[in-house]
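Quick notes on the structure that follows.
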There are 2 protein chains.
Amino acid sequence: MQNMRIGELAARAHVSTRALRYYEEQGILHSERTPSGQRVYGEAAVERVRLIQHLYSAGLASRTIALILPCVDTGHAPPEMLSSLHTERDRISTVIADLEQARRRLDQVIELTEHPDPEHCAIVRDAAGRTTAIAGVAA
Amino acid sequence: MQNMRIGELAARAHVSTRALRYYEEQGILHSERTPSGQRVYGEAAVERVRLIQHLYSAGLASRTIALILPCVDTGHAPPEMLSSLHTERDRISTVIADLEQARRRLDQVIELTEHPDPEHCAIVRDAAGRTTAIAGVAA
DNA sequence: CCTCACGTTGACGTCAAGGGCAAGTCGGCG
DNA sequence: CGCCGACTTGCCCTTGACGTCAACGTGAGG
């Protein structure tokens with residue numbers, strides 16, 4: 001139970017076995033092998049795969065993930081990598097901001113559809129283009 | 001100056017002309033045409049393209065965008081679309097949460113690399129897997 | 001009139017993240 | 001022993017969001 005093969009890991013991490021082999025091919029997920037060549041994973045691999053998925057959904061490419069994963073493992077990075085870490089961090093922050101703006105747009109549509117309010121309506125629609133001063137309304 | 005052709009719009013919205021034609025092909029960006037067939041856009045198109053980019057970076061497919069954009073325009077949605085709006089909204093929220101978690105991971109690595117602190121270190125690494133109670137540390 | 005940058009459509013290329021199939025191997029069970 | 005499901009590698013296929021190239025039209029300046 002402590003060690004599992006690829007099928008079980010796939011089931012527990014909710015990904016396909018194909019994806020797991022792909023991750024290994026990209027160098028971001030490692031496995032032990034039985035003498036006959038079958039992949040064997042420990043418990044930690046489940047959490048590992050979840051982290052990989054988070055980074056993927058953060059828009060990081062597998063090459064980038066391959067770069068930073070060792071740093072996450074060891075808990076520190078070679079100093080020359082710091083700038084690229086900062087770059088990725090900033091990119092993620094930008095994406096988050098964009099997402100939050102998009103979500104506010106959706107919220108406005110949902111709000112207006114669920115509670116059609118002619119008076120309120122003009123105000124919100126007029127403000128839709130701008131970023132600031134909406135948070136309070138949308139929240 | 002009030003009307004622009006595709007090149008100017010592309011420059012002002014920081015996308016390629018190819019992307020703009022692609023958006024039109026997907027039915028998410030419309031244009032007037034001159035008698036000779038050239039695309040003509042008004043000022044609003046710049047903001048429009050930015051919104052499209054936000055929705056793309058939110059992971060929405062162009063078909064989905066094509067569905068919800070009219071709602072954003074009119075300010076309301078046909079009721080039968082509400083559930084899919086909520087679905088997309090929730091998906092965006094999930095992506096944001098994943099992104100924030102990924103950013104916290106990066107922050108930890110950056111923090112540890114810039115200020116190697118053996119005592120602090122074990123605490124942070126131990127907390128890396130969990131979502132809650134980290135925000136205060138990361139912020 | 002000529003030029004030349006900008007525009008048009010259409011078709012094909014690319015790249016990432018897998019999906020799917022083929023052909024063979026492994027391993028546990030009756 | 002034979003069986004069968006899970007596993008292996010290798011290979012090509014798919015999807016989405018464009019890039020790129022070809023072949024041609026447009027329109028303002030000199």
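Basis for what follows: all heavy atoms, side chains included, without hydrogens, waters or symmetry-related copies. Since we're looking at a predicted model, the values are computed, not measured.
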query: Looking only at side-chain N and O atoms, does A/Tyr23 come under 4.0 Å of OP1 or OP2 in C/dG18?
result: yes

- prompt: Partners of A/Gln38 by side-chain contact (heavy atoms from CB on, under 4.5 Å), sequence neighbours excluded?
  reply: A/Arg5, A/Thr34, A/Ser36

task: If a pair satisfies side chain to side chain donor-acceptor pair (under 3.5 Å) and one of its residues is in residues 15-25 of chain A, list it, with sequence neighbours excluded.
output: A/Tyr23-A/Gln53, A/Glu24-A/Ser31, A/Glu24-A/Arg33, A/Glu24-A/Arg39

Integer-rounded Å distance: C/dG19 P and A/Leu20 CG: 10 Å

task: Give the rounded distance in Å between these two atoms: CG of A/Leu29 and C1' of C/dA17.
output: 15 Å

- line: By salt bridge (charged side-chain N to carboxylate O under 4.0 Å, His left out), A/Arg48 pairs with (sequence neighbours left out) A/Asp73

field: Those residues of residues 60-68 of chain A lying under 4.0 Å from DNA chain D by at least one heavy atom
entry: none

field: Spacing of CG belonging to A/Leu85 relative to OG1 belonging to A/Thr64, to within rounding of 0.5 Å
entry: 10.5 Å

task: Sequence neighbours left out, what passes side-chain hydrogen bond (donor to acceptor under 3.5 Å, both in side chains) with A/His86? Give chain and number order.
output: B/Glu114

query: Do B/Glu47 and A/Arg105 meet the salt-bridge criterion of a basic N to acidic O distance under 4.0 Å?
result: yes

task: Output the residues of residues 85-97 of chain B in contact with DNA chain C, where contact means a heavy atom of the residue under 4.0 Å from an atom of the strand; sort by number or write none.
output: none

- request: With sequence neighbours excluded, tell me which residues meet side-chain hydrogen bond (donor to acceptor under 3.5 Å, both in side chains) with B/His30.
  value: none

message: Can you build the contact string for nucleotides 2-13 of chain C? Use B for base contact, S for sugar-phosphate-only contact, and - for no protein heavy atom under 4.0 Å.
response: -----SBB----

task: With sequence neighbours left out, write down each residue that passes salt bridge (charged side-chain N to carboxylate O under 4.0 Å, His left out) with A/Glu88, or none if nothing qualifies.
output: A/Arg91

message: Rounded to whole Å, please give me the gap between OH in A/Tyr22 and P in C/dG18.
response: 7 Å

query: With sequence neighbours left out, which residue pairs that include part of residues 87-112 of chain B fulfil the ring-ring contact (aromatic ring centres under 6.0 Å, His included) condition?
result: none

query: Once you round it to whole Å, what is the distance between P of D/dC12 and CD of A/Glu25?
result: 14 Å

statement: Sorted by chain and residue number, the side-chain hydrogen bond (donor to acceptor under 3.5 Å, both in side chains) partners of A/Ser83 (sequence neighbours excluded) come out as none

field: Partners meeting salt bridge (charged side-chain N to carboxylate O under 4.0 Å, His left out) with B/Arg50 (sequence neighbours left out)
entry: none

